[in-house]
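Indexing begins at 1, ligand by ligand and atom by atom, following the structure's order. Throughout, residue positions are numbered sequentially from 1 according to the sequence presented. Excluded from the calculations below are hydrogen atoms, water molecules and symmetry mates; all remaining heavy atoms, backbone and side chain alike, are included. Keep in mind that this is a model prediction, so the values were computed, not measured.
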Amino acid sequence: MQIKKYQKIITEIYSDIKDVEDLGKVANYIPELGNVSADNFGINITKINNESFGIGNFEGKFSIQSISKILTLTLAYKLEGEKLWQRVDVEPSGNPFNSLQQLESDYGIPRNPFINSGAIVVCDVLISHLQNPKEEFLNFCRELSNNFTLNYSEKVATSEKNTGFRNVALCNFIKSFKNIKNNVDEVLDFYFHICSLEMSCKELSEIFLYLADDKFRTHKENSVLTESQAKRINAIMLTCGFYDESGEFAFRVGLPGKSGVGGGIVAIHPDEFCIAVWSPKLNKKGNSYKGMLFLENFTTKTACSIF
Ligand code: GLU
């Protein structure tokens, strides 16, 4: 579909939804996230030919939180290969993102890389491969998007470090099963930093083009992932990208995607585009209320889902 057509449909849905009552709540269990204005609403689509359209606050940077778990997974998969799946599974958890419950019966193997326990194990894998994990991971993201302004928010990372008791528990619990190899404090510090990455909708819709575009991967000197690896990451996004609401997102929207508690959502249409939405108020499952609503309308009106 031509960018002009997307532009028309996105503009229509944006004005329909902008003033709809938002039934969500801004996350404040990480205190710093609670300081963001709840009215922010932005959308950006980037096609694989790089044509792009944004509306609302599409250039405002926000805390991408769990969306960064796609990037850590990508780098860990690239470095560790198929061995990665011995440390983390690829099944939907059907449980909240920060749950400890299943780890006991699963002997410390997290259900998937997008819940907190899985992302913490992925961070541990990266620490085993990298000398300066925080710096090297940031450089990976900057090079991937050709955007050297990307950065962590020390404020958000510190805020989470001071309050992230469940993540501390998860990391220690997994270590008791020997599925964390490095020092727990180092793993958590890295995890809190990757969650604090800040990006705008425009930047998000650009950085994830490698999951939409086969050519993007083959054109790059050091291709990011093979076609099969990209397919697998898209599959995990479709089945596990929205906590215990992943089925609902596939049902209503029909695209691989990932949300974060900062109110961002990215969704991929393989061979077509990447779209990002930001609206900070979250529904009860931790996904952006208006973000979900927007994307549901978007795939309905464009008939652009993968199904
Ligand atoms: N840093 C957040 C946490 O660990 C990430 C949660 C999310 O976005 O799903 O609680």
- Task: Using a strict cut-off of 4.0 Å, indicate which atoms of ligand 1 neighbour a heavy atom of Phe97.
- Result: 6 (C), 9 (O), 10 (O)
- So, do Trp278 and Phe294 have ring centers that fall under 6.0 Å from each other? no
- Message: Show the atoms of ligand 1 that are less than 4.0 angstrom away from any heavy atom in Gly260.
- Response: 8 (O)
- Can a donor-acceptor pair be found between the side chains of Asn44 and Ser200 at a distance below 3.5 Å? no
- ligand 1 versus Ile67, non-hydrogen atoms closer than 4.0 Å: side chain, backbone, both, neither? neither
- Query: Is it the side chain (CB and beyond), the backbone, both or neither of Phe192 that lies under 4.0 Å from ligand 1, heavy atoms counted?
  - Reply: neither
- Message: Checking a contact table here: which protein heavy atom is nearest atom 5 (C) of ligand 1, and how many Å away?
- Response: Gln65 OE1, 3.3 Å
- Task: Using a 4.0 Å heavy-atom threshold (strictly under), name the region of Val261 that reaches ligand 1: side chain, backbone, both or neither.
- Result: both
- Item | Contacting atoms of ligand 1, where contact means under 4.0 angstrom from a heavy atom of Asn167 | 3 (C), 4 (O), 10 (O)
- Message: With heavy-atom distances below 4.0 Å as the criterion, list the atoms of ligand 1 near Asn116.
- Response: 3 (C), 4 (O), 10 (O)
- Relative to ligand 1, is Glu160 under 4.0 angstrom through side chain, backbone, both or neither, heavy atoms considered? side chain
- Message: Can you report which non-hydrogen protein atom sits closest to atom 7 (C) of ligand 1, along with the distance?
- Response: Ser66 OG, 2.6 Å
- Message: Less than 6.0 angstrom from the centroid, inside 45 degrees of the normal: does Lys258 satisfy that with respect to the ring of Phe114?
- Response: yes
- Query: With a 3.5 Å cut-off and no angle check, do the side chains of Thr72 and Tyr191 form a donor-acceptor pair?
  - Reply: no
- Regarding Lys290 and the six-membered ring of Phe41, is the cationic atom NZ or CZ under 6.0 Å from the ring centre and inside 45° of its axis? yes
- Message: Could you report the tightest heavy-atom contact between Met292 and Val253, atom names first, then the distance?
- Response: O-CG2, 4.3 Å
- Message: Under a 3.5 Å cutoff, is there a donor and acceptor pairing between the side chains of Asn95 and Asp244?
- Response: no
- Fit a plane to each ring of Phe208 and Tyr210, take the angle between them on a 0 to 90° scale, and name the class: parallel (under 30°), tilted (30 to 60°) or perpendicular (over 60°). tilted
- Task: Do me a favour and list the nearest non-hydrogen protein atom to atom 10 (O) of ligand 1 with residue, atom name and distance?
- Result: Tyr29 OH, 2.6 Å
- At their closest point, which heavy atom of Ser246 faces which heavy atom of Gly241, and how far apart are they? OG-N, 3.5 Å
- Message: Please list, in number order, the atoms of ligand 1 under 4.0 Å from a heavy atom of Cys195.
- Response: 1 (N)
- Task: If you have a sec, work out which protein heavy atom is nearest atom 4 (O) of ligand 1 and how many Å separate them, to one decimal?
- Result: Tyr191 OH, 2.6 Å
- Please confirm whether Tyr243 comes within less than 3.5 Å of ligand 1 when only nitrogen or oxygen atoms on both sides are compared. yes
